[in-house]
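What follows is a single structure, written as structure tokens, with notes after it.
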Amino acid sequence: MMGSALRRGAHAYVYLVSKASHISRGHQHQAWGSRPAAAECAAQRAPGSVVELLGTSYPQDDYSNLTRKVLTRVGRNLHNQQHHPLWLIKERVKEHFYEQYVGRFGTPLFSVYDSLSPVVTTWQNFDSLLIPADHPSRKKGDNYYLNRTHMLRAHTSAHQWDLLHAGLDAFLVVGDVYRRDQIDSQHYPIFHQLEAVRLFSKHELFAGIKDGDSLQLFEQSSRSVHKQETHTMEAVKLVEFDLKQTLTRLVAHLFGDGLEIRWVDCYFPFTHPSFEMEINFHGEWLEVLGCGVMEQQLVNSAGAQDRIGWAFGLGLERLAMILYDIPDIRLFWSEDERFLKQFRVSNIDQKVKFQPLSKYPPMINDISFWLPSENYAENDFYDLVRTIGGDLVEKVDLIDKFEHPKTHKTSHCYRITYRHMERTLSQREVRHIHQALQEAVVQRLGVEGRF
């Protein structure tokens with residue numbers, strides 16, 4: 001489902017997953033501290049060229065904006081790497097659903113899909129989920145497009161319609177998702193989501209309810225804050241109850257019993273009513289997932305007109321950082337044995353508290369420039385910083401914004417914090433990277449440097 005992305009445009013939920021596959025192992029991710037090749041700066045391809053991804057060629061056009069930094073991450077599938085912290089979270093959720101929800105023949109009620117390709121069509125990522133054509137979450141500046149018709153999924157909800165159309169009515173989807181975003185310890189252009197969907201027939205929903213035979217799933221009325229125009233109040237309340245009970249059990253399984261929970265009303269294009277779940281963890285209220293009653297228009301279009309359902313989505317990194325006390329999202333991509341060995345446990349439910357690696361000193365450099373008169377997007381700058389600096393960049397802050405009183409040109413000054421998570425950086429190597437960034441920002445973004 002949704003997480004931070006639709007939040008940009010419309011409050012949001014953990015991009016309903018909150019939200020797979022990647023490219024071949026032959027594309028090794030950039031080593032910590034290594035400087036990308038010069039060609040790395042020219043991440044976006046010229047129109048007329050193609051990019052190969054997962055065995056398919058995609059023609060490039062004016063929407064193509066994938067960076068090589070991102071492409072090297074496709075195929076890593078951290079959520080499927082045994083004993084990786086994201087794998088531990090996925091397995092704990094999967095085990096819980098397998099044990100708690102059993103079908104008529106003693107088999108798990110929920111099927112699990114954790115190897116679906118991250119390349120989807122824009123129809124799958126947006127239109128199938130009723131996201132309007134003018135919705136801000138579609139912006140080129142917020143997503144990674146192969147071209148105008150294909151992209152790296154921004155949430156695992158991109159697979160929802162296809163799985164419903166295939167006749168499934170209870171499933172989990174886990175995968176890597178891609179969004180252009182700010183740079184800090186909580187954000188990375190690739191993260192991982194887990195989404196769940198469950199549909200109910202009239203018989204399933206009203207079974208065991210007094211006079212259930214006389215109750216209906218659907219009616220024609222008006223939409224309110226409590227329900228959609230096609231749903232009866234009885235059906236919505238039962239679906240909402242089942243959803244919240246399911247999620248309460250899940251977080252109790254993950255965090256332990258006695259956890260204080262609250263529900264916050266919110267908005268998502270593909271559910272109504274919609275909620276965010278917050279937990280009181282160590283005295284702090286934390287949002288952990290988004291959920292809601294699925295929009296019936298979406299369910300109907302997938303061929304399940306006789307059913308009503310719920311969906312929820314959560315971010316695996318978000319949960320892992322809370323549960324294991326991991327302070328920086330970049331750590332999930334580390335191959336440092338000191339990090340990985342902490343999660344090699346004999347029992348996936350074993351408590352783990354991350355023991356920090358030595359915190360090496362930061363190196364701080366500022367960069368300032370005059371913006372071009374048009375077509376400057378801050379996420380383009382962040383992407384360029386990630387491409388040049390890689391995972392050496394810990395944080396980027398906009399520290400000053402100035403408009404010249406005569407020319408009316410706008411200047412931005414950004415403070416970039418470089419920190420290697422496994423060794424001390426030298427002034428020389430940081431200067432080398434920062435100079436490459438200064439050159440690239442002028443060439444690629446058309447700014448006027450103030451270096």
Side-chain angles (χ1 to χ4, degrees), residues 1-8 10-19 78-79 85-97 100 110 154-157 172-177 179 181 184-188 191-198 240-268 270-271 273-293 310-329 331-332 348-349 351-354:
M1 257 170 121
M2 297 205 138
S4 62
L6 281 188
R7 166 171 275 94
R8 287 192 195 100
H11 298 303
Y13 102 40
V14 207
Y15 245 90
L16 205 159
V17 256
S18 7
K19 53 86 195 271
L78 299 182
H79 61 289
L86 301 183
W87 176 84
L88 288 176
I89 298 288
K90 181 197 77 171
E91 290 299 308
R92 292 187 67 193
V93 175
K94 188 169 76 173
E95 177 189 68
H96 172 76
F97 273 86
Q100 293 292 318
F110 285 81
H155 48 179
T156 47
S157 301
L172 304 178
V173 181
V174 192
D176 44 336
V177 299
R179 297 189 208 148
D181 213 332
D184 58 33
S185 63
Q186 304 290 319
H187 294 88
Y188 202 77
F191 57 104
H192 299 75
Q193 290 184 333
L194 183 147
E195 164 165 355
V197 167
R198 185 173 184 184
E240 183 181 323
F241 175 81
D242 186 87
L243 168 63
K244 291 180 176 179
Q245 184 181 62
T246 298
L247 291 173
T248 299
R249 289 172 176 168
L250 174 61
V251 296
H253 171 70
L254 294 174
F255 291 91
D257 294 326
L259 196 66
E260 190 178 358
I261 293 170
R262 68 184 182 191
W263 303 93
V264 179
D265 294 339
C266 61
Y267 165 82
F268 308 113
F270 37 81
T271 56
S274 303
F275 313 96
E276 286 175 345
M277 173 194 253
E278 296 182 351
I279 62 171
N280 193 330
F281 191 67
H282 293 163
E284 183 181 0
W285 284 103
L286 303 173
E287 175 212 330
V288 291
L289 57 84
C291 60
V293 178
W310 54 247
F312 76 80
L314 54 84
L316 294 184
E317 279 89 347
R318 175 71 166 159
L319 283 183
M321 292 175 84
I322 296 171
L323 280 167
Y324 303 138
D325 205 18
I326 297 174
D328 194 308
I329 196 169
L331 279 165
F332 292 107
I348 61 174
D349 292 318
K351 289 187 181 300
V352 178
K353 180 175 173 58
F354 171 65

Residues 243-250, side-chain donor-acceptor partners within the protein, below 3.5 Å, at least two apart:
from	atom 1	to	atom 2	distance (Å)
Lys244	NZ	Glu240	OE2	3.1
Thr246	OG1	Asp242	O	2.7
Thr248	OG1	Lys244	O	2.7

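Summarising the geometry of Ile322 relative to Val288, their closest heavy-atom pair is CD1-CG1, 4.1 Å, with the distance given to 0.1 Å. In terms of heavy-atom proximity, Phe191 sits nearest to Glu317 at CA-OE2, 3.3 Å. Contact record, Ala320 with Leu86: CB-CD2, 4.1 Å, taken as the closest heavy-atom pair.
The closest donor-acceptor contact from the side chain of Gln186 to the backbone of Ile329 lies at 3.5 Å or more, if one exists at all.
Residues Val174 and Leu316 are in side-chain contact: their nearest non-hydrogen atoms beyond the backbone lie under 4.5 Å apart. Between Tyr267 and Ser274, every side-chain heavy-atom pair lies at or beyond the 4.5 Å cut-off. Contact of the Trp263 side chain with the Met277 side chain is registered, since non-hydrogen atoms from C-beta on lie closer than 4.5 Å. Side-chain contact between Leu286 and Arg318 is present, with heavy atoms from C-beta onward closer than 4.5 Å.
Taking the six-membered ring where the residue is Trp, Phe281 and Phe255 present perpendicular rings, their angle passing 60° and hence far from 30°.
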* To do: With side-chain contact (heavy atoms from CB on, under 4.5 Å) as the test, would you mind laying out the steps for Arg92 and Leu319 before giving the verdict?
  => CA-CA 11 Å; Arg92 292 187 67 193; Leu319 283 183; over 6 Å; no
* Start with the C-alpha distance between Lys94 and Phe110, add both sets of side-chain angles, then the distance that settles side-chain contact (heavy atoms from CB on, under 4.5 Å), and finish with yes or no. => CA-CA 9 Å; Lys94 188 169 76 173; Phe110 285 81; over 6 Å; no
* Go through the steps to decide whether Thr156 and Val177 satisfy the test side-chain contact (heavy atoms from CB on, under 4.5 Å), and finish with yes or no. => CA-CA 7 Å; Thr156 47; Val177 299; 4.0 Å; yes
* Determine, step by step, whether Ile261 and Ile279 satisfy the side-chain contact (heavy atoms from CB on, under 4.5 Å) criterion, reporting the C-alpha distance in whole Å, the side-chain angles of both residues, the deciding distance to 0.1 Å, and the verdict. => CA-CA 5 Å; Ile261 293 170; Ile279 62 171; 4.3 Å; yes
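Partners of Glu95 by side-chain contact (heavy atoms from CB on, under 4.5 Å), not counting sequence neighbours, listed by chain and number: Glu99, His253, Ile348, Asp349. Qualifying side-chain contact (heavy atoms from CB on, under 4.5 Å) partners for Lys351, counting only residues two or more places apart in sequence or in other chains: none.
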